[in-house]
Asks: 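This structure is in structure tokens; I'll ask about it shortly.
The figures here come from the full heavy-atom set of this structure, side chains too, leaving out hydrogens, waters and symmetry mates. Atoms within each ligand, like the ligands themselves, are counted from 1 in listed order. When a residue number appears, it is its place in the shown sequence, counting from 1.
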Amino acid sequence: MSLGEQGRSIDDVMAELVAKRTDDMKWADGRTFGMVYDGGPGVREVAEQAASLYLHENALNTKAFPSLGAIQSEVVGWTASLLNGPDTASGFLTSGGTESILCAVKAARERGRIERGVTEPEMVIATSGHAAFHKAGHLFGIKVNSVPVLEDWTADVDAMAALVNENTVLVVGSAPQYPQGVIDDIPGLAAAAATVDANCHVDACMGGFMLPFAERLGREVTPWDFRVEGVTTISADIHKLGYAPKGVSVILHRTKELRRYQTFLFDDWLGGFYASPNLQGTRSGVPMAAAWAVMSHLGIEGYVDLAKFTLENADEMRAGIAQIDGLNVLGDGQFHLVAFASDDPALDIFAIDDALQRRGWYHDRQTPPDNLHATVSNSNTGVIGDYLTALNESVAEVRGTTANDRSTNYATLE
Ligand SMILES: *Cc1c(COP(=O)(O)O)cnc(C)c1O
């Protein structure tokens with residue numbers, strides 16, 4: 001394959017791009033649970049306008065583009081205030097949840113090395129903690145102690161605390177964890193981290209832009225944010241329930257001093273002094289500007305409305321699933337993540353998924369145990385009734401059959 005010698009007309013190029021998308025997931029009709037989060041026509045419009053305004057800007061050096069510096073500091077400040085950060089809270093924008101997590105883990109390692117002389121760093125995490133923490137351990141040379149969850153799918157604080165030792169630089173909790181959508185005992189985990197002056201990171205990639213609004217809607221939310229003493233860092237993805245287009249997340253530190261451990265400074269390069277807040281070098285202004293625009297457009301009231309629809313969608317889904325013989329919802333998730341499995345040997349949950357896919361509905365598959373996962377959002381407003389009809393039909397259709405393909409890919413290589 002080689003690039004054509006002669007360029008093609010814009011119309012020709014665009015026609016081919018449009019054609020290429022034929023088999024892509026059709027998220028706009030609301031039948032996908034995850035991957036794309038649709039805040040509605042106004043949100044799409046403001047994101048598209050901001051994105052096209054910033055298409056060519058580079059956030060590598062905010063001295064050249066001070067507007068991007070201001071955008072970053074405003075979005076970080078808004079997020080810190082949503083998450084009840086103290087006045088000292090500070091952070092950066094990153095390209096997504098994984099990068100926010102990598103930055104948090106790197107900061108924890110540096111803090112342990114500099115303040116406590118830790119040379120063989122370790123972290124403690126529940127088996128429900130996101131795979132990105134294992135990626136961080138792999139990249140940054142940190143031993144990952146992974147601890148099975150309790151029966152209710154939350155982190156086993158006692159078992160995790162027992163693994164905290166003088167090499168521990170980080171204890172991880174999730175609010176909520178991705179697989180079953182339950183919130184860990186964050187005060188317990190933060191207390192365990194504090195016994196050795198380690199960082200405690202709360203992974204709120206999913207919850208950061210849902211739990212503050214659920215709380216405003218009067219839902220009970222167990223303590224998880226900066227109001228919990230000992231929480232040092234929090235990650236929150238604007239490109240999930242913050243309804244911004246892909247490529248933007250926030251990493252927050254309780255203080256500027258803690259944030260220092262995240263940044264990379266280098267002054268022995270022929271290119272000059274190099275200061276880098278996160279893992280990227282050249283950095284698109286598009287996701288930052290689009291996030292700023294979406295958050296400004298929605299305001300807290302807009303987010304509360306979207307959260308209300310989302311939570312109602314998820315509640316309706318959980319109730320409908322619970323009524324189907326042979327299916328059970330995993331855990332007591334109260335928010336926008338729904339996972340369900342089969343407890344009937346004649347019902348293969350992945351065969352049900354195949355039948356749902358034939359009807360145009362898309363879930364993520366998880367294991368163990370084999371189950372289907374939904375990240376419910378405003379995208380699914382108005383279609384849950386149709387979904388439950390499709391689910392009931394699918395269950396009836398596949399009873400006694402098994403799926404051929406049992407892969408559970410959350411992400412792929414090529
Ligand atoms: C999505 C998610 C991540 C990873 O974020 P990416 O944006 O996919 O890199 C981490 N933790 C949780 C709980 C998540 O839901």
Side-chain angles (χ1 to χ4, degrees), residues 25 27 32-37 75 79 83 91-106 123 125-139 144 146 149 153-155 170-184 186 189 200-212 214 224-225 231 233-252 278-280 283-284 286-288 290-291 294 310 314 330-331 333-339 363-366 373-377 379 409-413:
M25 191 191 261
W27 56 267
T32 60
F33 296 104
M35 307 292 278
V36 178
Y37 307 94
V75 172
T79 308
L83 274 43
F92 291 114
L93 294 181
T94 69
S95 62
T98 299
E99 193 184 358
S100 289
I101 287 168
L102 294 177
C103 291
V105 174
K106 188 261 182 187
M123 72 171 108
I125 186 171
T127 45
S128 53
H130 198 275
F133 291 96
H134 297 264
K135 187 179 191 174
H138 172 73
L139 287 170
V144 182
S146 179
V149 290
W153 307 98
T154 64
L170 180 65
V171 176
V172 177
S174 305
Q177 45 94 307
Y178 176 89
Q180 291 82 25
V182 292
I183 301 180
D184 291 332
I186 302 298
L189 293 170
C200 173
H201 181 78
V202 176
D203 180 6
C205 283
M206 269 299 175
F209 285 87
M210 167 52 73
L211 300 179
W224 67 276
D225 64 14
V231 169
T233 44
I234 301 181
S235 49
D237 289 355
I238 319 180
H239 69 193
K240 287 179 183 154
L241 281 290
Y243 293 101
K246 242 52 79 191
V248 62
S249 167
V250 184
I251 174 67
L252 288 170
N278 56 23
L279 299 178
Q280 294 178 294
R283 206 172 154 202
S284 171
V286 169
M288 300 165 72
V294 167
T310 298
L330 302 181
Q334 301 291 310
F335 305 102
H336 59 296
L337 301 172
V338 181
H363 280 282
D364 273 333
R365 293 179 176 194
Q366 308 188 119
H373 182 274
T375 306
V376 180
S377 72
S379 309
N409 292 356
Y410 172 95
T412 51
L413 284 182

Asks: Using the test side chain to side chain donor-acceptor pair (under 3.5 Å), find all partners of Thr94 that sit at least two apart in sequence or belong to another chain.
Replies: Ser100
Asks: Measure up the Tyr178 and His373 rings against each other and bin them: parallel (under 30°), tilted (30 to 60°), perpendicular (over 60°).
Replies: parallel
Asks: Taking CE in Met25 as the centre, count heavy atoms belonging to other residues, nucleotides or ligands within less than 6.0 Å. Is the count above 12?
Replies: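 More than 12 heavy atoms, drawn from other residues, nucleotides or ligands, come within 6.0 Å of this atom.
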Asks: Just to verify, what does Val144 make a side-chain contact (heavy atoms from CB on, under 4.5 Å) with, not counting sequence neighbours?
Replies: Met123, Ile125, His134
Asks: Around ligand 1, what residues show up once you keep those with a heavy atom under 4.0 Å from it?
Replies: Gly96, Gly97, Thr98, Ile101, His130, Tyr178, Asp203, Cys205, Met206, Asp237, His239, Lys240, Tyr410
Asks: Under 6.0 Å between the ring centres of Phe133 and His138?
Replies: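 Ring centroids of Phe133 and His138 are no less than 6.0 Å from each other.
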Asks: What pairs with Asp237 under side chain to side chain donor-acceptor pair (under 3.5 Å), at least two apart in sequence or on another chain?
Replies: Lys240, Ser249
